[in-house]
Undergrad: 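Sharing a structure here in structure tokens format.
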Amino acid sequence: MPKMRVAQIPYAKGPFELVERDIPDAGPGQVRVKVAACGVCHSDSITKEGLFPGITYPRVPGHEIIGTIDALGPQVRGWTAGQRVGVGWHGGNCGYCDSCRRGDAFACETETLVTGISHDGGYGEYMIAPATALARVPDDLASVESAPLVCAGITTFNALRHSGAGPGDVVAVLGIGGLGHLGIQFAAKMGFNTVAIARGADKGPFARELGAHHYIDSRAEDPAAALRKLGGAKVILATVTAGAAVNAVQTGLRPGGTLVLVGVPESLNINPVPLILGSRAVKGWYSGTSIDSQDTLAFSALTGVKSRNEVYPLSRAAEAYDRMMSGQARFRVVLTMDG
Ligand SMILES: [Zn+2]
Ligand SMILES: [Zn+2]
């Protein structure tokens, strides 16, 4: 039996273990993916720490996968062996429930499939994925650079393209971390008047390098007032987890503007008066489905959006995970399977 290496979590709150397993076979409707690269995401802590109910262990985390279809299970149509594919958080959907039939496959009611949580993910040389979870990868996208695009990338890309902002509108991205550094690039490439907001003057040059037209140092000035000086933001994309930072920007929205949350603060203080008087909104955005990943990858290939990554071999998965959790990584952490 041919073997593969995976980095698994043996039980909730357990340590990473590098183990050999039999290479699995794809079942009906599934494909086997030979993993080239897998991003390390903060949401992998759900698997590591057992934060969702019902996770079965041992479990292999990882939902930022770029690889190649290695084998097809029965009843798979539209995909062929040898195709490059991406697999993100969205781990597949049924296609026949009411949500799927309404085009809301992200809210599939039949199966809640999440890559690396409900089934094994990409911290390994091979993984099994439902065909409904697959995105096509353009030939000219490098695997390591594009792995985070199927989670951090799709989240910011999809939130921005559905935000209601149009070309030339002021769009602010709060935070320049793993999510924010992609959000700024996408916002600029989508033709928005792009504003980056972060703490400290030192981040300004990098924000501009990513495509931001304006940089607001929230330590030096009131970020909401600075946004109002620019005419007010049609959209503020909040990528940070500090609730106070989100609270501080909300009155920078122009009338009809929307504060879109993709980071997860513990709590927020939203002032309802400007919401009501200016028909402003606060909303969250789910990342997206496999076709949204595919659109993200295609847009990134077209416009040159790239994730900046620190790269580790699979054998150092535990170290890579700790580095990501430290919050110090610049900007995403990616595992490769060649060491
Ligand atoms: Zn993720
Ligand atoms: Zn469904």
Side-chain angles (χ1 to χ4, degrees), residues 7 9 29-30 35 37-49 51-52 55 59-67 86-123 127 129-135 144-159 175 177-183 186 237 239-241 261-264 284-293 296-297 300 307-310 312 317 320-321 323-325 327 329 331-335:
I9 303 296
Q30 299 174 332
V35 179
C38 181
V40 177
C41 178
H42 195 274
S43 303
D44 296 340
S45 61
I46 293 167
T47 304
K48 174 81 167 60
E49 305 299 327
L51 303 179
F52 278 7
I55 302 177
R59 178 61 74 227
V60 179
H63 58 263
E64 297 188 353
I65 298 142
I66 301 290
V87 184
W89 172 268
H90 175 79
N93 58 282
C94 75
Y96 57 78
C97 73
D98 286 0
S99 288
C100 282
R101 290 164 59 213
R102 287 198 179 96
D104 295 327
F106 77 90
C108 177
E109 298 155 34
T110 309
E111 359 185 48
T112 311
L113 297 176
V114 182
T115 312
I117 294 178
S118 60
H119 51 281
D120 286 335
Y123 285 31
M127 60 137 350
T132 51
L134 302 176
V144 168
E145 280 175 1
S146 47
L149 295 175
V150 299
C151 180
I154 181 184
T155 299
T156 50
F157 172 82
N158 215 26
L179 286 167
H181 93 289
L182 289 165
F186 284 126
L237 182 72
T239 70
V240 299
T241 54
L261 303 174
V262 291
V264 188
W285 190 267
Y286 168 82
S287 70
T289 62
S290 53
I291 192 65
D292 297 313
S293 280
T296 305
L297 292 163
S300 301
S307 177
R308 313 278 176 108
N309 305 315
E310 296 181 6
Y312 289 77
Y321 176 83
R323 176 70 179 158
M324 176 281 299
M325 289 300 283
F331 285 84
R332 299 292 287 189
V333 176
V334 176
L335 295 174

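These values consider heavy atoms only, across backbone and side chains, with no hydrogens, waters or symmetry-generated copies. The structure displayed is predicted, hence computed values, not measured ones. All ligand and atom numbering here is 1-based and tracks the order in the structure.
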Undergrad: Does D120 reach the side chain of M127, with side-chain heavy atoms less than 4.5 Å apart?
TA: no
Undergrad: Between L182 and F157, is any pair of side-chain heavy atoms under 4.5 Å apart?
TA: no
Undergrad: Roughly how far apart are I46 CD1 and I117 CD1, rounded to 0.5 Å?
TA: 4.0 Å
Undergrad: Rounded at 0.5 Å granularity, tell me how far OG1 in T110 sits from OH in Y96.
TA: 4.5 Å
Undergrad: Just to verify, what does R308 make a side-chain contact (heavy atoms from CB on, under 4.5 Å) with, not counting sequence neighbours?
TA: H181, F206, E209, L210, F331
Undergrad: Decide yes or no for C38 and I65: does some side-chain heavy atom of the first lie under 4.5 Å from some side-chain heavy atom of the second?
TA: yes
Undergrad: Rounded to the nearest 10 degrees, what's the angle SG of C100 makes with SG of C108 at the Zn ion (ligand 2)? Could you check?
TA: 110°
Undergrad: Closer than 3.5 angstrom, by distance alone: can the side chain of T115 be matched with the main-chain N or O of G88 as a donor-acceptor pair?
TA: yes
Undergrad: At the Zn ion (ligand 2), what angle lies between atom SG of C94 and atom SG of C97, rounded to 10 degrees?
TA: 110°
Undergrad: Which of the protein's N, O or S atoms come within less than 2.8 Å of the Zn ion (ligand 1), not counting waters?
TA: C41 SG, H63 NE2, C151 SG
